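Before any comments, here is the structure.
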Amino acid sequence: MKKVLFVAIALIAAGSLTSCKPKQSAYKAVMERAQEREIAKQAEETPKDEIIPVVIDDSDIRPEKVTPAQGENANGLLRYSVVIGSFQNPTNARSLKSRMVDQGYNAILAQNEQGMYRVIVTSFDNKMDAVRSRDSIKSMYADQGLFQDAWILERTY
């Protein structure tokens, strides 16, 4: 009986001294191969020359007669403009404009016939360029939840 007990203790001691864990280098090699396969799979699934069509939704384009607000550069206000904010209070409009200028935009304030101030971040002669710019701004600020209601103003005279 003592021999059996001694053998059992010896086996337990031997088992505790050896490790059943795989070596970290073996695990790392398997992970790297899996990552390489995943990257290769993604490269196969992604078309090289994918053309993403831009869909123009005319319901998001609003014609409006606007003029540059006092002190604004009229040359920067073209036919199609991306509006990110509308305010009755000029102080609020100037504050948003200032934030956008600080972020590198050539923002302009325009005022419509009803006295609303429009904060315009980009302006174009071409409707398609305005749509692309609006979509870019929406996606750029999506994680912050900002400017998701940006719209395109078509300037009428």
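All heavy atoms count here, side chains included; hydrogens, waters and symmetry mates do not. Quick caveat: nothing in here was measured; it's all calculated off a predicted structure.
Applying the ring-ring contact (aromatic ring centres under 6.0 Å, His included) test to every pair with at least one member in residues 137-157, sequence neighbours left out, gives these pairs: Y141-F147. Screening residues 70-116 for ring-ring contact (aromatic ring centres under 6.0 Å, His included), with sequence neighbours left out, gives no hits.
Taken to the nearest 0.5 Å, the CG atom of L109 stands 11.5 Å off from the CD atom of Q70. Going from atom OG1 of T122 over to atom CD1 of I108 covers 9.0 Å, rounded to the nearest 0.5 Å. Atoms CG and CG, on L77 and L153 in that order, are 7.5 Å from each other to the nearest 0.5 Å. M100 CE to N106 CG: the interatomic distance, rounded to the nearest 0.5 Å, is 11.5 Å.
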Q: Go through E64 and M116 one step at a time and tell me if the side-chain contact (heavy atoms from CB on, under 4.5 Å) criterion holds.
A: CA-CA 11 Å; E64 196 171 76; M116 293 291 293; over 6 Å; no
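Under the rule for a salt bridge (charged side-chain N to carboxylate O under 4.0 Å, His left out), the partners of R79 that lie at least two apart in sequence or sit in another chain are E154. Here S86 pairs with R118 under the side-chain hydrogen bond (donor to acceptor under 3.5 Å, both in side chains) rule; sequence neighbours left out.
Using a 4.0 Å cut-off between charged side-chain N and carboxylate O, D129 and R132 make a salt bridge.
Cluster partners of V101: none. The rule joins Ile, Leu, Val, Met, Phe, Trp and Tyr whenever side-chain heavy atoms lie under 4.5 Å apart, and it links nothing here. Apart from F124 itself, the hydrophobic cluster it occupies contains nothing, where clustering links Ile, Leu, Val, Met, Phe, Trp and Tyr at side-chain heavy-atom distances under 4.5 Å.
Both I137 and V119 sit in one connected hydrophobic cluster of ILVMFWY residues. Membership requires side-chain heavy atoms under 4.5 Å apart, directly or through other members.
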